Undergrad: 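Dumping the structure here so I can ask a few things about it.
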Amino acid sequence: MSEQTSTTIRAGEPDQPAHRYTADLAARIEAQWQDRWHSEGTFRAPNPAGPWADPEQVAGREKLYILDMFPYPSGAGLHVGHPLGYIATDVYGRFQRMRGRNVLHALGYDAFGLPAEQYAIQTGAHPRATTEANIANMRRQLRRLGLAHDDRRSPATTDVDFYRWTQWVFLQVYDAWFDAEADECRGRARHVDELRAELASGTRPVPGGGTWGGLSSAEQRRVIDDHRLAYLSDALVNWCPGLGTVLANEEVTADGRSDIGNFPVFKRNLRQWKMRITAYGDRLLADLDGLDWPDPVKHMQRNWIGRSEGATVRFTTERGDISVSTTRPDTLFGATFVVLAPEHPLVDALVPGAWPDGTKPAWTAGAGDPTSAVAAYREVAAAKTDLERQAEGREKTGVFTGGFATNPVTGRPVPVFVADYVLMGYGTGAIMAVPAQDERDWAFATSYDLPIVRTVQPSADWTGEAFTGDGPAVNSANDEVSLDGLGVADAKLRIVEWLQRKGLGESTVTYRLRDWLFSRQRYWGEPFPIVFDEDDQPRALPESMLPVLLPDVENYRPQTLDPDDAVSEPIPPLSGAGDWTTVELDLGDGVRTYRRELNVMPQWAGSCWYELRYLDPENASAFVDPQNEAYWMGPRSASDPGGVDLYVGGVEHAVLHLLYSRFWHKVLFDLGHVTSSEPFRRLFNQGYIQAYAYRDGRGQPVPAAEVVEGADGSWSFEGAPVTREYGKMGKSLKNVVTPDEMYDAYGADTFRVYEMSMGPLDVSRPWETRAVVGSLRFLQRLWRNVVDESTGGLRVTEAPADLASRQSLHRAIEGVSRDFEALRFNTAVAKLIELNNTLTKLDAVPRELAEPLVLMTAPLAPHLAEEMWRLLGHQTSLAFEPFPTADPALLVLDAVTCVVQVQGKVRDRLEVPPGIGEDELRVLALASEKVTVALAGREIRTVVVRAPKLVNIVPV
RNA sequence: GCCCCCGUGGCCCAACCGGCAGAGGCAGGCGCCUUAAAAGCGCUUCAGUGCGGGUUCGAACCCCGCCGGGGGCACCA
């Protein structure tokens with residue numbers, strides 16, 4: 001940190017009262033209490049079992065597991081936006097601890113991954129060295145915040161003790177297969193040994209027929225490997241030369257570029273590890289219902305999984321059947337052509353030597369024969385990136401294969417096209433095109449001169465083209481079945497029933513979700529616990545050989561590649577690890593030489609299960625002791641999935657991290673390693689703290705802190721006008737404000753109170769440094785109510801409080817408790833300020849008011865509260881003091897104001913007892929002179945009475 | 001193009017079940033303290049809820065249509 005950043009704004013000038021609550025005093029108090037919490041281990045949560053077993057401390061207290069999405073330790077350090085969620089969970093945790101809960105709250109580091117590696121490449125240092133330095137800096141910045149974390153539970157995913165268990169979890173996934181019939185067809189992961197046993201005993205048929213014993217051991221292994229939840233596949237993957245690695249679908253943006261770095265991404269066929277997350281599609285979807293998550297996140301996950309119900313229908317051709325996918329089997333009579341994806345395996349077989357009779361000029365792309373037309377089209381399609389396919393304005397292109405298929409309901413031949421608007425990776429890679437009821441098919445049919453037959457009658461006022469709405473079926477009958485007159489839903493049922501009976505098709509469920517690409521050609525990640533034998537087949541290492549340590553390499557940088565070079569080959573950095581790349585092992589059939597897997601796991605691997613490791617981070621014999629998992633995360637009832645009690649983080653992880661970790665957790669659940677079926681029972685998305693940035697006349701950002709606002713609302717920097725924009729904080733925008741600056745200028749407690757008071761936790765809002773002083777003033781007034789600013793002595797009196805003050809106190813207790821419980825920290829702060837402001841007006845504050853106020857402030861401003869609690873004569877930390885409870889008798893007011901309305905407009909106010917009856921109130925209201933004036937002689941139609949607060953008199 | 005969320009004093013935000021538009025903070029104003037100053041203290045001004053309709057005794061809140069801001073998805077058959 002440079003000297004200049006220590007700020008010029010400072011609370012507490014030298015000639016102030018000696019004991020005023022200033023930034024300097026706050027810093028002293030805060031350091032003192034942080035040291036004491038640390039040395040006393042105040043926030044260490046006892047476990048029921050494992051290395052830290054302390055069953056006595058656990059007994060009799062309800063548990064609460066609070067979790068923040070753990071940070072990536074960036075070299076840039078924190079800005080004031082980062083701690084928002086951490087402060088919120090800390091306030092909530094401290095509150096619940098005072099409510100008697102055994103609170104587990106900790107923070108580790110998600111330290112593998114691309115950014116760390118790229119930073120290491122830039123600086124030339126070892127990624128581990130820079131990562132650990134960054135973690136140390138973040139730990140320092142966060143310790144200064146006074147978070148009540150269990151400091152023993154702070155693993156980094158890059159710790160050998162941690163990634164050993166990431167590799168172990170990988171082995172569990174690798175050694176599992178998905179039995180779709182298990183659990184009444186919900187499906188469940190089981191160990192592959194059980195699959196092998198069922199195949200060997202004949203209870204499960206061997207794929208491809210024959211007996212298990214009839215297969216060679218290599219063939220047997222291939223059958224098993226084909227079932228594993230982690231498997232190698234030769235498939236189209238997202239190859240990003242700019243990053244030198246392949247990427248998961250989730251890491252590629254809609255315009256075909258990398259999420260990180262914004263480089264072009266190309267489709268390439270490569271042999272890569274995948275995770276069979278699609279097997280869990282149904283459960284990942286269905287189990288969302290039982291989660292207490294924000295609806296938008298559930299919505300995004302549902303969209304991403306993209307379950308759709310439809311049918312597969314077989315169209316016959318002379319060269320074999322084409323299975324087409326559709327969600328609208330009811331429109332089958334209107335299917336006037338078939339479209340295959342360019343990569344569809346049947347394309348070559350279908351293409352005849354010459355264009356058949358009836359080929360229209362528009363279908364051939366000007367080629368002399370189908371073979372060259374299709375070959376040319378495929379070449380063009382393959383060379384296109386997703387971005388280019390988008391950029392062409394979605395104009396549908398394609399070419400006739402020269403082949404025909406038979407529509408199974410009309411019996412008529414329909415031409416078969418190849419077009420890249422059909423994707424090989426979705427459904428069967430083939431569609432029946434129904435232009436009258438599908439906009440894409442309509443667009444294709446009109447540009448390629450193909451027939452359009454309406455099979456759903458559009459509404460009378462329909463003027464559009466393809467009609468995708470509901471309506472009665474028309475033109476949809478053959479000798480055996482008629483859909484005419486049926487609505488869409490009924491027509492679907494009838495035609496699917498007919499297709500199934502005739503063996504022409506069946507209803508199917510299709511997912512947008514694809515299997516998860518799990519290999520990365522990077523250095524800074526977890527090595528796979530996998531080696532390859534001389535036949536190039538993968539072999540898992542036994543648990544006893546874990547961890548597989550990440551070796552040192554000379555060059556962390558993957559091969560430098562041209563970001564636009566689509567045909568470049570990925571070269572993993574670990575290929576440069578020398579001797580490490582091969583290993584002599586005995587895996588059961590004697591010592592042999594094996595080649596190591598040189599890819600590493602993606603960054604998501606560690607975050608897929610870290611919440612489990614916090615429970616038992618020093619357990620060397622298990623990834624978590626089963627008792628600890630059951631205690632902290634186990635389900636509380638039959639309908640409860642279990643999981644973390646409160647998980648707070650940004651909405652940017654709605655799909656990636658939250659879907660992957662749910663998947664791994666379910667595998668671990670199925671295999672009996674955990675009792676919770678979901679990792680995160682309750683999720684809360686915090687908003688972002690954003691900031692204004694300013695640009696000068698040339699569009700260059702200027703330091704935001706030095707921009708001044710004129711009286712007319714304009715902004716200027718060094719006298720020159722600047723423009724303002726709103727967005728993220730970032731170095732390049734010169735608008736970063738750091739927690740360190742806030743600690744120096746105001747202290748951590750003021751910073752905490754300000755962040756919590758800015759607005760609701762889930763709403764994004766702009767940072768405004770000049771407003772922070774309001775929170776400092778509040779804490780100063782609170783301090784002054786308890787402590788004499790000039791002597792440092794106590795100001796509170798032992799005299800009893802008056803009734804009005806007591807009532808204010810108990811109203812505050814009631815409201816603040818409710819607000820904390822509901823994560824409404826902004827309104828809790830407001831109520832505390834309000835109460836404190838009423839106490840300020842007293843000559844001296846009675847202890848019976850001061851103590852509860854201090855306790856209520858403690859979750860928000862813990863250092864200051866602890867210090868005042870100590871001055872009030874208490875020896876021990878207030879962390880476990882019971883949170884004040886409201887006395888119901890003091891919440892009842894002597895009188896309430898009743899509003900008297902005439903036709904909804906307030907005309908009078910009456911002071912009435914809170915228990916007043918409806919009839920009595922009606923009489924009082926009608927007797928009001930102001931009401932009489934407002935009525936102006938009109939007759940009364942009705943009187944609405946809501947005792948004791950409102951009467952509404954409605955004239956005729 | 002489709003879907004979701006949000007629009008309240010100059011600014012950040014409250015308003016619990018549809019019932020007095022205002023809790024709190026910033027900024028502004030007035031005053032006190034001070035040799036002077038303020039990030040100290042006290043007092044205080046300020047909106048009818050983005051716009052247009054509707055439902056209701058009564059709408060910031062419910063419904064419909066616009067406008068503005070933010071986010072997600074985007075050839076998924």
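In the text below, chain A, chain B and the rest are named by the order of the sequence lines, each starting its count at 1. Only a predicted model underlies this, so the values are computations on that prediction, with no experimental measurement involved.
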Undergrad: Step through it carefully: locate the ring centre of A:F337, locate the ring centre of A:Y448, and say whether they are under 6.0 Å apart.
TA: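 No, the ring of A:F337 stays outside the 6.0 Å limit from the ring of A:Y448, centre to centre.
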Undergrad: Nearest to the side chain of A:V906 - B:G40, B:C12, B:C20?
TA: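 That would be B:C20.
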Undergrad: Would you measure the distance from the P atom in B:C51 across to the matching atom in B:A60 and give it in whole Å?
TA: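 About 11 Å, rounded to a whole number of Å.
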Undergrad: Please work out which residues in residues 808-829 of chain A have a non-hydrogen atom less than 4.0 Å from an atom of RNA chain B and list them by number.
TA: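 Correct list: A:R818, A:N826, A:T827.
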Undergrad: Kindly say whether the aromatic ring centers of A:Y746 and A:F751 come within a distance under 6.0 Å.
TA: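 When the ring centroids of A:Y746 and A:F751 are compared, they turn out to be at least 6.0 Å apart.
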Undergrad: Which nucleotide wins on minimum distance to the side chain of A:N952, given the candidates B:C75, B:A23, B:G58?
TA: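 Among the listed nucleotides, the one closest to the side chain of A:N952 is B:G58.
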Undergrad: Any donor-acceptor pair under 3.5 Å joining the side chain of A:K949 to the base of B:C20?
TA: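 When only heavy-atom distances are counted, A:K949 does not reach the base of B:C20 through any donor-acceptor pair under 3.5 Å.
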Undergrad: Can you tell me, in whole Å, how much space there is between the P of B:U49 and that of B:C33?
TA: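 Per the computed distance, 43 Å lies between those P atoms.
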Undergrad: With P as the reference atom in both, quote the distance from B:C64 to B:C73 in angstrom, rounded to an integer.
TA: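 It comes out at 26 Å once rounded to the nearest Å.
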Undergrad: From B:G42, B:A27, B:C57, pick the nucleotide closest to the side chain of A:R770?
TA: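 Among the listed nucleotides, the one closest to the side chain of A:R770 is B:A27.
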Undergrad: Determine whether the aromatic ring centres of A:F778 and A:W783 lie less than 6.0 Å apart.
TA: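 Between A:W783 and A:F778, which both carry aromatic rings, the centre distance is not below 6.0 Å.
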Undergrad: Quick check for you: among B:G25, B:G40, B:G24, whose closest atom lies nearest to any side-chain atom of A:E834?
TA: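 Out of B:G25, B:G40, B:G24, the nucleotide with an atom closest to A:E834's side chain is B:G24.
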Undergrad: Could you work out the separation of B:C32 and B:G48 based on their C1' atoms and round it to a whole Å?
TA: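 Per the computed distance, 35 Å lies between those C1' atoms.
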Undergrad: What distance, rounded to whole Å, do you find between the two C1' atoms, one in B:C13 and one in B:G18?
TA: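 Rounded to whole Å, the distance is 22 Å.
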Undergrad: Going from CZ on A:F825 to CG on A:L860, what distance comes out if it is rounded to the nearest 0.5 angstrom?
TA: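 Reported value, rounded in 0.5 Å steps: 8.0 Å.
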Undergrad: For the pair made of CD in A:E768 and C1' in B:A39, what is the distance, rounded to whole Å?
TA: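 That distance rounds to 14 Å.
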Undergrad: Among B:C3, B:G25, B:G42, which nucleotide has an atom closest to any side-chain atom of A:H299?
TA: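 Looking only at side-chain atoms, A:H299 lies closest to B:C3.
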Undergrad: How far does the P atom of B:C61 sit from the matching atom of B:C20, given to the nearest Å?
TA: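 The same atom, P, in both gives a distance of 13 Å.
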Undergrad: Write down the distance separating the C1' atoms in B:C4 and B:C41, rounded off to the nearest Å.
TA: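 Result for the C1' pair: 48 Å, nearest Å.
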Undergrad: Which whole-number value in Å describes the distance from A:L761 CG to B:A14 P?
TA: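 Taking CG of A:L761 and P of B:A14, I get 12 Å after rounding.
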Undergrad: Does A:E439 CD have over 12 foreign heavy atoms under 6.0 Å away?
TA: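 Not more than 12 within 6.0 Å, no.
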Undergrad: Per the side-chain hydrogen bond (donor to acceptor under 3.5 Å, both in side chains) rule, what does the pair list look like for residues 895-910 of chain A, sequence neighbours excluded?
TA: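 Applying side-chain hydrogen bond (donor to acceptor under 3.5 Å, both in side chains) to every pair that reaches into residues 895-910 of chain A, excluding sequence neighbours, yields A:T897-A:E911, A:D908-A:S928.
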Undergrad: Identify whether the glycosidic angle of B:G48 places it syn (within 90° of 0) or anti.
TA: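 Syn, which is what one calls it when the glycosidic angle falls within 90° of 0.
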Undergrad: Considering only atom C1', compute the distance from B:C57 to B:C12 and round it to an integer number of Å.
TA: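 Pairwise C1' distance, B:C57 against B:C12, rounds to 36 Å.
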Undergrad: From the set B:A14, B:C57, B:G25, return the single nucleotide nearest to any side-chain atom of A:R946.
TA: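 Shortest atom-to-atom distance from the side chain points to B:C57.
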Undergrad: Classify the nucleic acid contact of A:Q901 as base, sugar-phosphate or nothing, counting any heavy atom under 4.0 Å across all strands shown.
TA: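 Base, at least one base heavy atom under 4.0 Å.
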Undergrad: Taking the chi torsion of B:C17, is it syn (within 90° of 0) or anti (everything else)?
TA: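 This nucleotide is in syn.
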Undergrad: Please report the distance, rounded to the nearest Å, between CG in A:N836 and C1' in B:C41.
TA: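 For the pair A:N836 CG and B:C41 C1', the rounded distance is 14 Å.
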Undergrad: Out of B:C13, B:G24, B:C57, which nucleotide sits closest to the side chain of A:R941?
TA: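 Minimum distance to the A:R941 side chain belongs to B:C57.
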Undergrad: Once you round it to whole Å, what is the distance between P of B:A74 and OH of A:Y426?
TA: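 Those two atoms, OH and P, are 12 Å apart.
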Undergrad: Between B:G40, B:C20, B:A23, which one does the side chain of A:R777 approach most closely?
TA: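 Nearest to the side-chain atoms of A:R777, counting from C-beta on, is B:G40.
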Undergrad: Could you tell me the separation between the CG atom of A:D295 and the P atom of B:C3, rounded to a whole number of Å?
TA: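 A:D295 atom CG is separated from B:C3 atom P by 17 Å.
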Undergrad: At under 4.0 Å between heavy atoms, what does A:K298 touch on the DNA or RNA strands: base, sugar-phosphate, or nothing?
TA: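 Touches nothing.
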Undergrad: Taking atom types as they are modelled, would you say the side chain of A:R909 forms a donor-acceptor pair with the base of B:C20 within the 3.5 Å cutoff?
TA: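 Side chain to base: pair found, below 3.5 Å.
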Undergrad: Where the side chain of A:V773 is defined as all heavy atoms beyond and including C-beta, which of B:C26, B:A14, B:G19 is the nearest nucleotide?
TA: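 The listed nucleotide nearest to A:V773's side chain is B:C26.
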Undergrad: Would you please name every residue forming a side-chain hydrogen bond (donor to acceptor under 3.5 Å, both in side chains) with A:Q686, sequence neighbours left out?
TA: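 Applying side-chain hydrogen bond (donor to acceptor under 3.5 Å, both in side chains) to A:Q686 gives none.
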